[in-house]
2 protein chains.
Amino acid sequence: MITTLKDVSRLADVSLTTVSHVVNGTRPVSEKLRARVEAAIRQIGYTPNSLARSLKLSSSRTLGLAIQDIRNPHFTEIVYALEERARERGFTLLLSDFGDDPARESDALRVFVERRVDGLIIAPTSNGAAALAWLRGRGVPAVQIDRIADPGFDYVVVSNHAATRRLVTHLCQKGHRRIAMLGGLMGLSTSRERVAGYRRALRDAGLPVDPGLIVVGCSQPESARIATHALLDQAAPPTAIVAGNNLKALGALRALGERNLRVPEDVALVSFDDFPWADLFRPRLTTAAQPCRALGERAVDLLLDRIRDPGLAPRHVRLGVEIRHRESCGCAAGAPFSPTTPHVPTSKSV
Amino acid sequence: MITTLKDVSRLADVSLTTVSHVVNGTRPVSEKLRARVEAAIRQIGYTPNSLARSLKLSSSRTLGLAIQDIRNPHFTEIVYALEERARERGFTLLLSDFGDDPARESDALRVFVERRVDGLIIAPTSNGAAALAWLRGRGVPAVQIDRIADPGFDYVVVSNHAATRRLVTHLCQKGHRRIAMLGGLMGLSTSRERVAGYRRALRDAGLPVDPGLIVVGCSQPESARIATHALLDQAAPPTAIVAGNNLKALGALRALGERNLRVPEDVALVSFDDFPWADLFRPRLTTAAQPCRALGERAVDLLLDRIRDPGLAPRHVRLGVEIRHRESCGCAAGAPFSPTTPHVPTSKSV
DNA sequence: GGAAAATCCGCAAACGTTTGCGAGTTGGCG
DNA sequence: CGCCAACTCGCAAACGTTTGCGGATTTTCC
């Protein structure tokens, strides 16, 4: 059913070498033989064996992608961009979703290396540093996305600090003085940067940082929902909430709904990460939208560069974030947004 | 950096054969040698080369996944389930997103076959039949999901007809007499089955089928949005709309919002496909929720069975759909839902 | 103590490619 | 006619594994 070069060579009565060369166009072949070979190929429906080819060339034209949870719309978007870019460049993607489990993260990397991917893209967990160290030992090219666990590797992330700061500053300007932050796992660089941006904005506004208004560690909508209820149960509840990412925004939204609190009249809500359908939530959510597509494309480009030249110094890319100004912050729909912090342009260090 | 069996065998001073056997545990090895080998492996950080292994064994423990658009939440969910199940079974997933493009669909399959996947899972386009025929010629195991393009291959899909029928019947019972249907590309079995279910429900209710209320061919939110506007511009506009899938529901929702029409008071809306956050739209959407997880799991299981025994007769699985009864159909939240058509149980033919 | 059985191990051929090297042929030119 | 360049092509070794076969050593049992 599946045929080989040898089958073709027998049928066309030429050498293996010649068949290989007409298949790959890697050296001139006379018109006569080429015709015979091509006829034979069509006749038996020959399909090259990439495995053998990769083995011989020690290059599989395959990229490994290890990510937390494809179902998170943010990652879905990134995966989409990565796959497209990789495909355009002639690479195929191996996919691994490792959830929250560091062990599964390591497993994924091991599997990828065993399959001899040419390089890999990873959104590392909080202990991704160990996994990356292991990779370094194998000399496998890799780039981190979204989060950074080891500055020794390339990465492309966004300006979490600046964007969160702008979000919070905006709430301050609208008069909010008790602003809560739903933060993520502090092992993640994103969470740390976003919480730092939040603190910074408060300090800039001369507001106290109340530890009771910062809750960290929730990673799923459900924990965010519960955390939100807890926040609102306080003696002096927040008048505004900053969700550290899209999942937390969903949780917060649910909690607010359960309490029949109106957004933004009773409590304002802004969130990191946009949804493709964020305009359909009521109220329409004000968000910090990451450039997922650009992020994916840059990641692939960085990786291919490094595969070409493994000696490159680590390259760090930080992309700007766009604030999508909608209603949940308390502004009328479409009202102009005037941040105090200027928009952070795409930057690249080293 | 990357080492081989031979490196290990040299360092441990044993034969290649022995190293291979301790790595795979495929034949007993004396305690002494095993220890030496394991020490050597650790020392040089040996990682097996799956490419060579696959070549020799002619089995790559890899599954190809070709899908339309991962960003569609419905497919995202399926991809997630597929990846998880495949991983549990020791297989890795190759991912290809081919959009609407039949050419890219064929490309994807070709790439997968060249990479010698053990089998593949595909949500075929309207002309997927050709692509599948090509596969048959190569003898590559495959299962179709979501849609069916060639009954000669295994598939696992849902009861589109029955579910749509229940959705529409429910609207009829609420008194709607002009119910519009936003259908998909009629080349897809899902679209045909859903539209058929819609017609059937109307006939059952003794209502006329007005061709002006059926619009087919839209596949993206934007075209559904435009189609919805057109529907509402009619002399006798519909009082209820059935969205053929989640994307169309988003488009319809946008159009209704743009017209400041209230759902369900002015126009009722129900939709095929659920969203994980469907409870956060306002109004909360009544949907026909597919068992994405089960679908993914069954697909992998079917595929692995077939890989084991390629001679199996084609197996067809049709899963039941759960109606998630919320507000957009015009019922009070949480009101009981009493379909005339009994819930279609999971069935399996042949 | 000796033969048979059991145990432990290595040789070398394959899996399906790619490619350096060199052999054979042809044509051009003096 | 002779020689060299240009052109075409095939041989065979490699890529990193797996595994059938058989040789050597040890154990078992009478």
Side-chain angles (χ1 to χ4, degrees), chain A residues 1-38 40-41 44-62 111-118 138-140, chain B residues 1-38 40-41 44-62 111-118 138-140:
Chain A
M1 219 62 143
I2 284 277
T3 55
T4 74
L5 265 197
K6 194 185 295 185
D7 297 322
V8 178
S9 85
R10 256 198 298 264
L11 182 58
D13 194 34
V14 289
S15 73
L16 271 186
T17 304
T18 298
V19 181
S20 171
H21 282 117
V22 351
V23 168
N24 299 310
T26 98
R27 99 178 168 189
V29 169
S30 71
E31 204 42 59
K32 205 175 63 172
L33 286 206
R34 171 196 312 283
R36 285 225 308 269
V37 169
E38 281 169 350
I41 287 180
I44 65 176
Y46 168 70
T47 315
N49 185 329
S50 300
L51 293 179
R53 182 160 211 277
S54 300
L55 177 59
K56 182 70 207 188
L57 300 184
S58 56
S59 148
S60 60
R61 293 197 79 75
T62 290
V111 168
F112 286 159
V113 173
E114 289 185 356
R115 301 200 174 240
R116 296 299 188 265
V117 296
D118 291 335
R138 304 280 166 306
V140 181
Chain B
M1 220 63 146
I2 285 277
T3 54
T4 74
L5 264 194
K6 194 185 295 184
D7 298 322
V8 178
S9 85
R10 255 198 299 264
L11 182 58
D13 193 36
V14 288
S15 73
L16 272 185
T17 304
T18 298
V19 181
S20 171
H21 281 118
V22 351
V23 168
N24 300 308
T26 99
R27 97 178 171 190
V29 169
S30 70
E31 204 42 60
K32 203 175 64 173
L33 287 206
R34 170 195 314 283
R36 284 226 306 270
V37 169
E38 281 169 351
I41 287 181
I44 65 176
Y46 167 70
T47 315
N49 185 329
S50 301
L51 293 178
R53 184 161 211 278
S54 300
L55 177 60
K56 182 71 203 177
L57 299 185
S58 55
S59 148
S60 60
R61 294 197 79 76
T62 289
V111 168
F112 286 160
V113 173
E114 289 185 356
R115 300 198 176 243
R116 296 297 188 266
V117 296
D118 290 336
R138 306 279 166 304
V140 181

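Each chain gets a letter, A, B and so on, in the order its sequence line appears, and its residues count up from 1.
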#### Entry: Which residue lies more 5' along DNA chain C, comparing R116(B) with K56(B) via nearest heavy atoms
K56(B)
### Message
Please report the distance, rounded to the nearest Å, between CG in L5(A) and C1' in dC15(C).
### Response
13 Å
### Task
Could you tell me the separation between the CD atom of E114(A) and the P atom of dT17(D), rounded to a whole number of Å?
10 Å
### Query
Quick one: L55(B) CG to dC15(C) C1', roughly how many Å, whole number?
4 Å
### Message
On a heavy-atom basis, which atom in Y46(B) and which in T4(B) lie closest, and how many Å separate them?
### Response
CE1-C, 3.4 Å
### Task
Answer whether the closest heavy-atom distance between the side chains of T62(A) and D118(A) falls below 4.5 Å.
no
### Query
Looking at CG of L5(B) and CD1 of I41(B), how far apart are the two atoms once the value is rounded to the nearest 0.5 Å?
8.0 Å
### Query
Got V19(A) and V14(A) here, is their nearest side-chain heavy-atom distance under 4.5 Å?
yes
#### Entry: Interatomic distance, R36(A) CZ vs dT8(D) C1' [rounded to whole Å]
13 Å
#### Entry: Any residue meeting salt bridge (charged side-chain N to carboxylate O under 4.0 Å, His left out) with R10(B), in chain and number order, not counting sequence neighbours
D7(B)
### Side chain to side chain, R61(A) and R53(A), heavy atoms closer than 4.5 Å
no
### Query
Taking CG from L51(B) and P from dT18(D), how many angstroms apart are they, rounded to a whole number?
12 Å
### Task
Drop me the distance from R116(A)'s CZ to R138(A)'s CZ, to the nearest 0.5 angstrom.
9.5 Å
### Task
Please tell me if the side chains of L51(A) and E114(B) come closer than 4.5 Å, counting only heavy atoms from C-beta onward.
no
### Query
Tell me, which of residues 27-34 of chain B have any heavy atom that sits under 4.0 Å from an atom in DNA chain D?
R27(B)
### Query
Counting any heavy atom closer than 4.0 Å, what does L57(A) reach on the DNA or RNA strands: base, sugar-phosphate only, or nothing?
sugar-phosphate
### Task
Check the distance between dA14(D)'s P and N49(B)'s CG and give it to me in whole angstrom.
18 Å
### Query
For DNA chain C, what residues of residues 12-24 of chain B have any heavy atom nearer than 4.0 Å?
V14(B), S15(B), T17(B), T18(B)
### Query
Once you round it to whole Å, what is the distance between C1' of dA12(D) and NZ of K6(A)?
13 Å
### Message
How many whole angstroms separate atom CZ of R61(A) from atom P of dT18(C)?
### Response
14 Å
### Task
Please determine, by modelled atom types, if T17(A) and S20(A) share a side-chain donor-acceptor pair under 3.5 angstrom.
no
